[in-house]
Amino acid sequence: MLNRKLIQGLVFKRRGHCSPSGLTSLLALLLTLLPVGLWGQDPEFLVSRSPVGRPGGRLVVSLRAEPKTLLPLNALDASSKEIQGLLHADLIHIHRPSQETRSALAQQWSRSRDGMRYTLRLRRGLKFSDGQPLTVADVLFTFQVLLDEAVKAPGRDLLRVEGKFPTLRAVGEDSVEVALPAPYAPAERLFDSIAILPRHKLEAAYRSGKILEKWTMGAAASEIAGTGPFRLKEYLPGQRMVFERNPHYWKRDSAGVRLPYLNEVVMIFSPNPEAELLRFRAGESHLHSRLTARGYSSLSGLPPQERPMLQDLGPGLEQHFLFFNQNDLTGSGMSALLAKRSWLQDVRFRRAISLAIDRAGIARLVFQGKASVLSSHVSPGNRLWFSGASSLPARSVEEARRQLKAMGLILKGDVLVDPSGSPVSFTIAMNAANSEQRQMAAIIQEDLRGLGITVALAPLEFRSLIDRVLNTKDYEAAILALRDGDVDPTAQMPMLLSNGRMHFWRPNQAQPATEWEAEIDRLMKRQISDGNEKRRKENYAQVQRIISRELPFLALVSPHVLIAAHRNLRNVQPSVLAPHLIDGLDEMYWAAENNKP
Amino acid sequence: MPATQTSERVPGWVSVVLSRSLQAAVTLGLLSFCSFALFEWIPGDFLTETAASPAVSPETLAGLRDRYGLDTPLGIRYASWLEGLTRGQLGPSLSYHRDAMGLLLPRLGATVLLNLTALLVALVVALPLAIFAAQNPESRFAGWVGRGMQASLALPELVLVLALFAVAQAYGVPMPGGAAAPADESWLGGLYSLLTGLATPAIALAAGTAPSYFGHMRAAWSEALAESYVIAARQAGLPPKVVRWRYLFPAAANPMVSLLGGSLGGILSASLLVETVTGWPGLGPLLLEAVFSRDVYVVVGAVMFAASAQMAGNLAADLVILRMDPRIRS
Amino acid sequence: MSEAILVAQGLERRYRRACALDGVSVSISAGESLAIVGESGCGKSTLLRCLAGLERADAGSVHFGGAEVSPLRGEDRKRFCRSVQLVLQDATRALNPWWSGLTLVREPLDLLRRDLSMPERETVARCWMDRVGLPASVVERLPGELSGGQRQRLLLARAMTLSPSVLLLDEPLAGLDPPIQAAILELLKGLRSERPLATVLVTHSLGAAAQGAERIVVMRSGRLVEQQTMTAFLAGPQDPYSREILAGWQARQANFVKSPPIKSSGSAH
Amino acid sequence: MTRPAWRLQAVSALAIWYALLAGFAWMAPYSWREQHREFASAPPTAIRFVDPTGVWRMPFVCSLAPAPDSPGSYREDCAVRHDVWLFGRAQDGRMVVLCPEQPGVLFLFGTDELGRDIFSRSLAGGLVTFATGVVATLVALFLAFLGGSLAGLLGGWPDLLISRGTELLMALPALYLLLALRAALPIQTPPLLAFALAVALISLLGWARPARLLRGVVMSSRGEGYVLAARGFGAGPVYLLRKHIFPRLRGVLGAQAAVLLPQFMLVEVALSFLGLGVAEPLPSWGTMLSSIQYDLVADRRSWLGFPAILLTASILISGRVARAMELRSQPAGGAPRETTP
């Protein structure tokens with residue numbers, strides 16, 4: 001019910017590789033030429049490619065949790081990040097629907113031949129929401145604060161390349177040059193979601209070492225300035241946040257109307273999904289990006305004149321998987337675990353389990369069919385990197401039995417026993433707050449009962465679970481979910497590299513414990529510095545093949561992203577990348593007068 | 001004699017308050033320390049989840065750990081918390097980056113509002129029915145009301161919330177819990193959204209407490225009806241209205257007042273679960289979130305507020321009894 | 001005068017602010033009958049409880065048969081309990097409302113005469129119930145089903161089962177009708193004539209005291225103001241307060257010439 | 001009706017209620033863990049008496065098949081009938097209350113997402129919930145009796161210590177103790193044991209309120225004349241407790257047991273709502289209720305509320321017992337009156 005998405009926190013920062021598309025550059029070029037004479041003082045607008053809409057109106061969106069901070073430097077939780085997208089803007093933005101990078105505050109950018117230096121030119125005439133101009137100094141200030149070791153901003157490490165940080169300097173009046181410490185294929189994606197901060201508001205606090213205490217949720221609206229489509233108007237703790245249109249926003253539509261269209265956006269907080277759904281259905285909120293399959297089918301059952309716009313975007317980047325404890329436990333004193341090690345850490349055992357699990361059943365029963373069965377750790381929702389190279393062997397209990405028999409695990413009556421005669425049984429730990437994972441576990445439990453394996457389930461509170469998996473390593477098997485923030489494989493590095501902290505099954509290895517882990521290390525390191533996209537994809541496909549052969553974790557399913565929007569809303573651009581709907585708020589508009597609250 | 005009684009009573013009253021406050025302070029001190037110590041014991045801390053995010057390096061983690069003071073020994077943290085308390089601070093909320101006091105106060109307001117509303121609803125429903133039932137014990141309607149009250153007592157709050165949700169969805173009644181966005185800027189719109197948000201949790205809470213008010217009031221009223229001075233007053237031919245308000249009501253009010261004193265103590269803790277389930281923006285959801293995210297100062301602060309209210313309520317109830325019961329007074 | 005068996009010396013007892021006993025010394029000799037008289041709240045009941053060893057004085061001491069009472073433990077304490085019995089004020093509350101008459105009377109024996117077998121204890125208890133004039137039906141009745149006089153008799157019977165040498169009676173007549181009061185006093189007199197029994201009768205009614213005691217002690221706000229034989233007291237008290245209460249009583253006596261000599265209920269204060 | 005008779009009736013109603021629950025759980029049509037994956041989220045099966053031609057027959061169910069177009073909806077085909085037997089033998093040889101002829105299925109209250117029979121699970125879940133309530137009540141009452149009578153009898157600093165201690169316990173949020181407990185237990189701890197420990201922990205915290213109540217009763221008993229009188233006969237604290245105070249407490253304890261039982265059953269429900277209830281696949285009313293929350297809003301599947309009805313009924317009966325027990329704390333002859341006849 002609460003924190004139903006355990007994946008909170010396992011949000012991987014988006015990184016990726018993509019050069020500006022030809023079209024974008026052409027458009028940007030046109031735009032630099034066009035507006036100078038036409039609008040005089042007006043900024044060098046980014047022109048929206050969406051249909052022209054009508055201004056006005058108020059939109060209500062419900063957030064699952066209350067944002068924790070208004071300061072982008074502090075934003076760790078999903079809600080704060082969503083709010084950040086309304087209030088602030090970045091230099092280069094990942095366009096969520098296409099998963100590609102696009103120009104934002106930086107009007108254009110170029111890459112040096114060695115791939116180590118990027119030059120970004122700012123749009124002319126940019127202004128913060130309080131009317132103050134945005135200059136190169138603000139950009140430099142933002143990065144200075146972000147990279148300052150003394151500030152300890154949690155987002156700092158996102159900029160780390162090969163252990164070192166990039167350096168910035170001003171080039172001329174309107175450009176900055178970013179020097180990377182090493183070649184980095186997806187460098188443009190680094191800039192996404194780095195909000196450019198107003199120096200005039202924050203510099204004093206930064207100098208006195210108190211910048212992280214600024215812009216808390218209690219801060220006055222007048223204190224906050226940004227370059228996002230909206231600005232803060234009012235905050236009622238625990239109830240709602242009200243945003244008004246930023247009159248200095250830097251986008252316009254093709255008819256010349258300055259965006260955003262909406263006058264006001266209200267964020268309400270619905271910690272429980274029931275109230276969220278009830279509100280949406282009652283028309284009290286207008287966007288719903290976390291629909292469950294049941295919610296989806298209940299909305300689609302409404303009469304046509306009441307039915308909202310509904311879309312099944314297919315599998316998202318979220319995936320659930322089962323894995324077994326592969327840590328070297330010698331000398332750990334966990335005797336119960338040590339006794340099971342011989343089969344628990346055998347790849348044939350994992351294969352047998354994988355063969356016996358009814359993944360299609362999970363997708364059908366737990367997600368009412370609104371989920372896709374996974375064959376590797378790359379979800380089909382990842383359009384750029386899903387290779388389809390690995391295929392899942394068909395479910396076969398007989399084959400699973402054969403595998404187990406080959407390992408020396410034999411059926412005695414109804415019970416599978418190991419060579420020492422003790423029954424084969426293990427405990428699956430999962431997030432207690434995630435009812436979907438509890439149901440998955442119940443299905444797996446029933447499936448494995450057919451093999452004679454007794455599975456116990458231990459729902460744990462989320463932080464206790466993570467503590468067990470990553471620190472104390474006192475567990476046998478666990479179900480976790482990952483939700484990648486970005487599609488680029490670089491996001492997977494901490495999980496795939498054998499010395500990674502997120503190498504769930506055996507984290508922080510000094511030396512790769514197995515040959516195949518060493519091979520993955522090599523492939524992943526090779527792809528990151530490679531500018532050639534085709535070779536990167538080949539390398540990554542190889543990694544996917546190794547994973548599905550060795551099964552360090554059993555990928556189960558990837559739920560579909562189901563969204564709903566009010567039927568009179570236009571320019572709704574949903575994406576499988578989070579946030580699924582509100583990234584395009586600046587272009588959304590109300591089609592009919594009567595739905596303009 | 002009355003003169004000596006009052007001069008005796010005031011110091012007695014003061015001394016009770018003083019000694020109970022002292023005991024309460026000791027209890028609160030212990031409670032806060034226990035809460036801190038428990039948090040130390042639970043696996044995982046505020047940064048466990050951050051640590052699981054690959055974006056954050058070990059050095060940054062160490063820096064954050066230092067910034068939040070997570071590695072400081074318990075004793076020192078507790079001492080500095082106490083020191084902050086003297087300045088009216090409850091310690092920093094780790095996830096909200098601000099003092100827990102500023103975070104808790106608006107939620108306290110919401111929780112108090114909900115509980116007072118629920119109390120009002122319960123009283124408005126229960127008292128007239130109780131008086132009716134006491135006056136007409138033989139009536140069929142009174143019997144059904146009594147049975148209904150028993151059923152309402154047996155209906156768990158959570159089940160009631162579920163039922164209300166189901167009704168709301170089946171008939172399209174706009175009454176999900178929690179605070180909604182007002183449809184327009186006018187005060188009427190604000191009030192409407194407030195009431196629709198309050199409805200579910202307040203009804204759920206009131207349904208649980210109304211039966212006890214009903215039972216006590218009915219018993220007190222029928223007892224008062226049997227008092228000889230009431231019978232005398234009625235025989236003397238006083239109008240029923242006068243008898244009701246001048247004789248019966250004061251006599252029946254006594255037990256009600258002490259019951260109310262007791263329920264005021266729970267004003268910050270009685271509704272936590274209902275708030276969480278219905279999404280009312282009170283202490284409940286915040287406390288749960290803080291527990292799950294190990295936001296220790298917020299939890300300790302919330303616990304302190306709830307416990308203080310509880311103790312103050314107990315004390316108030318005792319004082320009321322002390323004042324009203326002549327036997328204890330003398 | 002025979003030897004003093006129960007002696008209190010300089011007793012002081014304080015509750016919060018109020019002082020209940022303020023340097024009281026009194027001695028009770030074997031077989032004598034003493035009345036303690038005074039208005040409500042003067043410390044009579046506290047004195048009685050101290051004498052019975054139920055309350056500890058803040059200062060001063062109580063001696064029984066030469067030994068101090070408060071440090072007594074085990075067998076010695078039991079012996080003291082057997083010898084000195086207190087009949088509590090308010091017979092309604094002094095009886096466990098869930099117990100039958102017989103069990104109630106048997107209780108002291110159950111506690112202090114383990115040497116007797118159960119049938120023996122029951123015989124003793126029945127015998128005493130009979131002696132105090134309770135009908136046989138009381139054996140199975142609960143206190144709530146008895147009359148006030150019956151309850152008082154039950155209390156007496158229960159105290160007497162142990163054959164004590166001192167019987168301390170705290171307002172035994174309060175709340176009873178005059179004929180029953182007289183009957184209880186008669187019963188006491190009868191008991192005393194049968195055995196060596198010292199009785200201490202605490203009362204606020206001078207009439208009862210005059211009827212039931214040979215010696216009188218007058219108390220006022222925790223102090224003894226007069227200690228006299230009854231005859232000497234009736235002839236002419238020393239203390240002005242004693243004179244006052246005697247005069248009050250005599251005046252009332254004159255008003256009700258025809259009524260029985262002991263007229264008490266509730267007019268002394 | 002006389003009081004003892006009414007009391008007896010209330011207590012036996014409770015006993016009969018749970019005996020029925022246990023009996024039906026024993027003879028439930030399906031096992032609580034059996035997943036009919038082909039019949040997930042099925043609505044209640046109708047027991048019919050009239051076939052499509054309008055002829056009255058022995059009770060039967062129609063053959064059920066998933067509708068091909070939409071998941072979760074099913075089509076009845078009444079051309080194929082399966083008789084239903086009262087007390088028939090199931091496939092596994094068990095005696096069950098209502099037994100459809102093979103291969104017919106009979107889900108009296110439908111199935112859950114995994115295709116498990118809600119009727120069978122509600123019955124078994126009731127036993128789990130009831131058992132946790134009973135365990136917690138017994139532990140809490142024992143502690144309350146100990147603490148309350150010690151505080152009330154001894155007075156002085158033990159009383160102060162226990163009174164403040166109970167206040168502390170009442171103010172302590174039990175929630176994070178529970179988080180700590182499950183997290184601290186070895187992973188191999190059987191789910192039911194882990195849950196029982198959690199419940200025991202709740203009762204460790206839940207004894208505070210009844211202890212305060214019992215302390216009050218002991219205190220007032222201690223001041224009673226008959227206790228003072230017994231002390232005059234040289235009675236020690238153990239005797240007083242056993243002979244004079246405990247009989248008075250017995251009624252209070254009984255009433256408290258009847259009050260605490262539903263309370264602790266509700267704690268189980270609350271725990272489940274927070275995701276800390278008994279682990280799957282073991283059913284309990286709490287876990288069943290918490291999982292239907294969303295469905296009630298999303299779908300109109302009101303039959304999922306069956307466990308809620310059972311839970312409410314249980315609490316209703318417990319409330320009756322509590323009131324019957326309270327009467328017991330008054331002596332049978334009625335309270336003694338002050339006036340003499």
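Residue numbering restarts at 1 for every chain, and letters A, B, ... go by the order of the sequence lines. As a basis for the values below, the full set of heavy atoms in this structure was taken, side chains included, without hydrogen atoms, waters or symmetry mates.
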Side chain from CB out, backbone as N, CA, C, O: work out which of these in Glu276(A) comes under 4.5 Å of a heavy atom of chain B, or both, or neither. neither
Is it the backbone or the side chain of Leu47(B) that comes under 4.5 Å from a heavy atom of chain A, or both, or neither? backbone
Heavy-atom nearest pair, Phe46(B) first then Arg463(A), reads O-NH1, 2.6 Å
Between Leu236(A) and chain B, which part of the residue has a heavy atom less than 4.5 Å away: side chain, backbone, both or neither? neither
Tell me, side chain or backbone of Ser293(B) under 4.5 Å from chain A's heavy atoms, or both, or neither? both
Which pair of heavy atoms, one from Arg98(B) and one from Gly218(A), lies closest together, and at what distance? NH1-N, 3.4 Å
Would you name the heavy atoms of Gln239(A) and Pro281(B) that are closest together and state the gap between them? CG-CG, 3.7 Å
Locate the shortest heavy-atom distance separating Asp467(A) from Thr48(B); write the atom from each residue and the value. N-CG2, 4.1 Å
I need the single residue from Asn74(A), Leu70(A), Leu71(A) that forms a side-chain contact (heavy atoms from CB on, under 4.5 Å) with His97(B). Which is it? Asn74(A)
Nearest non-hydrogen partners of Ser464(A) and Pro43(B), listed with the distance: OG-O, 4.3 Å
Contacting region of Pro507(A) [heavy-atom separation from chain B under 4.5 Å]: neither
Let me confirm one number: the CG-NZ distance from Asp295(B) to Lys68(A), rounded to the nearest 0.5 Å. 9.0 Å
Can you tell which part of Leu61(B) gets under 4.5 Å to a heavy atom of chain A, answering side chain, backbone, both or neither? side chain
Exceeds 12 heavy-atom contacts within 6.0 angstrom, atom CD of Glu40(B): yes
Measure distances from Asp66(B) to the heavy atoms of chain A and classify the residue's part below 4.5 Å as side chain, backbone, both or neither. side chain
Quick one: what part of Ala153(A) sits under 4.5 Å from any heavy atom of chain B, side chain, backbone, both or neither? backbone
